[in-house]
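Let me begin by presenting the structure, written as structure tokens, before commenting on it.
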Amino acid sequence: MKKLTALLAVFVLAVGLLAAGCGGGDKKAADGKDPILAKDELIVGTEPSFAPFEFPKKNSEELTGFDIELIQALAKDMGYKKATIKSMGFDALIPAVNTGNLDVGMSGFTITEERKKQVLFSQPYYKAGLGLVVRKENTDVKSVDDLKGKTVAVQLGTTGALYAEKLKDKGVTVKTFNTSDLACMELKNKGADAVISDKPVLQYFLAQGGSGYAKMIGTGLTTEDYGIVVSKKHPQLQAALDKSLDNLKKNGEYDKLYEKWFGEKPAK
Ligand code: ARG
């Protein structure tokens with residue numbers, strides 16, 4: 001009898017789960033079109049300590065940057081009336097896309113095999129890679145190989161953090177921060193000897209005053225492609241983003257944004 005009750009309980013639970021899975025946001029419209037494409041508003045998540053990709057405008061809460069303007073242009077091309085940008089911790093973005101709290105993650109996301117197990121990516125929209133920055137007066141770090149016994153600051157959940165993690169075996173101490181700005185601040189305050197982060201972000205940081213106390217070492221540690229994060233439940237959204245990226249590349253809007261933020265034409 002006990003067994004039967006247990007079996008029944010499992011059955012009821014299974015039916016319940018199935019029903020829940022078929023309900024709400026994941027429902028397909030009768031024409032097979034993903035309802036996420038029929039909305040007026042695209043909900044975009046980002047972690048905005050990442051200039052020139054996503055960062056607050058001067059004396060304002062409003063966000064700007066290459067990623068922000070690109071996703072706004074993409075949303076428009078896809079037929080959305082508006083794109084609403086929500087800020088959150090970088091490591092919270094993929095989970096929020098997967099629970100449906102966000103439609104897309106636009107945050108300088110490197111396309112990695114590890115992340116591809118969890119989410120879909122748009123086609124690559126920017127070529128980046130990691131860089132290494134130390135304080136200006138530092139003369140003993142000429143490459144990553146000289147970081148033994150040193151402390152490196154990184155942002156939580158990033159490819160830079162993963163890279164630094166692998167250096168731990170070689171006697172490198174890693175300090176992890178919630179934002180990219182805080183990692184750079186730690187370098188300034190001498191709580192860290194180096195920062196490993198995305199090279200274009202480090203270059204921008206140096207150009208915006210960071211060069212007063214910091215400098216780049218070498219030409220870069222990796223090459224990485226940025227992609228827009230979409231849930232595996234929404235392949236149609238991924239396809240629509242790719243199509244609109246093609247459109248913006250063809251009509252010159254992509255090049256215009258690229259030149260505005262990076263001061264040069266994108267490499268062909
Ligand atoms: N490209 C790196 C990664 O995907 C860092 C991205 C950090 N982005 C940000 N908005 N803080 O891990």
Side-chain angles (χ1 to χ4, degrees), residues 43-57 61-72 74 83-98 101-133 144 152-167 174-187 194-205 208 210 216 220-231 241 257-258 261-262:
I43 312 286
V44 180
T46 197
E47 191 291 303
S49 70
F50 216 60
F53 295 94
E54 41 267 337
F55 61 105
K57 283 186 184 161
E61 302 253 288
E62 206 187 324
L63 299 182
T64 187
F66 178 70
D67 278 356
I68 303 298
E69 294 198 343
L70 181 59
I71 197 69
Q72 279 162 344
L74 286 169
T84 299
I85 317 281
K86 289 190 179 172
S87 297
M88 57 183 77
F90 187 69
D91 60 334
L93 291 167
I94 286 184
V97 165
N98 279 338
N101 286 339
L102 298 173
D103 296 329
V104 300
M106 183 65 162
S107 202
F109 268 105
T110 300
I111 302 174
T112 68
E113 291 309 313
E114 213 38 48
R115 286 177 181 154
K116 273 193 196 165
K117 290 180 192 157
Q118 299 174 273
V119 288
L120 301 173
F121 279 100
S122 70
Q123 59 166 299
Y125 69 84
Y126 184 85
K127 228 175 215 352
L130 296 174
L132 174 66
V133 156
V144 269
V152 175
V154 295
Q155 182 181 16
L156 182 69
T158 60
T159 48
L162 269 179
Y163 190 98
E165 196 62 31
K166 292 192 188 124
L167 297 175
V174 179
K175 281 192 182 174
T176 307
F177 295 89
N178 281 330
T179 70
S180 179
D181 295 341
L182 285 173
C184 290
M185 200 58 100
E186 192 70 0
L187 179 73
V195 175
I196 294 179
S197 182
D198 293 32
K199 199 176 148 197
V201 171
L202 292 174
Q203 279 169 330
Y204 193 86
F205 150 76
Q208 296 296 309
M216 184 85 73
L221 310 175
T222 59
T223 53
E224 302 179 4
D225 280 319
Y226 287 172
I228 305 164
V229 168
V230 177
S231 157
L241 281 164
L257 283 180
Y258 196 103
W261 288 103
F262 306 109

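On a predicted model such as this, the values are computed, not experimentally measured, just so you know. In what follows, every heavy atom counts, from backbone to side chain, and hydrogens, waters and symmetry copies are set aside. As the structure lists them, so they are numbered: ligands from 1, and atoms in each ligand from 1.
Proximity of Leu132 to Val144: side-chain heavy atoms (C-beta onward) are separated by under 4.5 Å at one or more points.
Counted by atom type alone, Ser49 and Glu47 present one or more donor-acceptor pairs between their side chains at under 3.5 Å.
When all heavy atoms are compared, the tightest approach of Val133 to Leu187 is CG1-CD2, 3.6 Å. The heavy-atom pair separating Gln155 from Thr176 by the smallest distance is C-CG2, 4.2 Å. Closest of all the heavy-atom pairs between Met106 and Ile228 is SD-CG1, 3.4 Å.
Within 6.0 Å of CE in Met185 there are 12 or fewer heavy atoms belonging to other residues, nucleotides or ligands.
Sorted by chain and number, the heavy-atom contacts of ligand 1 below 4.0 Å come from Glu47, Phe50, Glu54, Phe90, Ser107, Gly108, Phe109, Thr110, Arg115, Gln155, Thr158, Thr159, Asp198, Tyr226.
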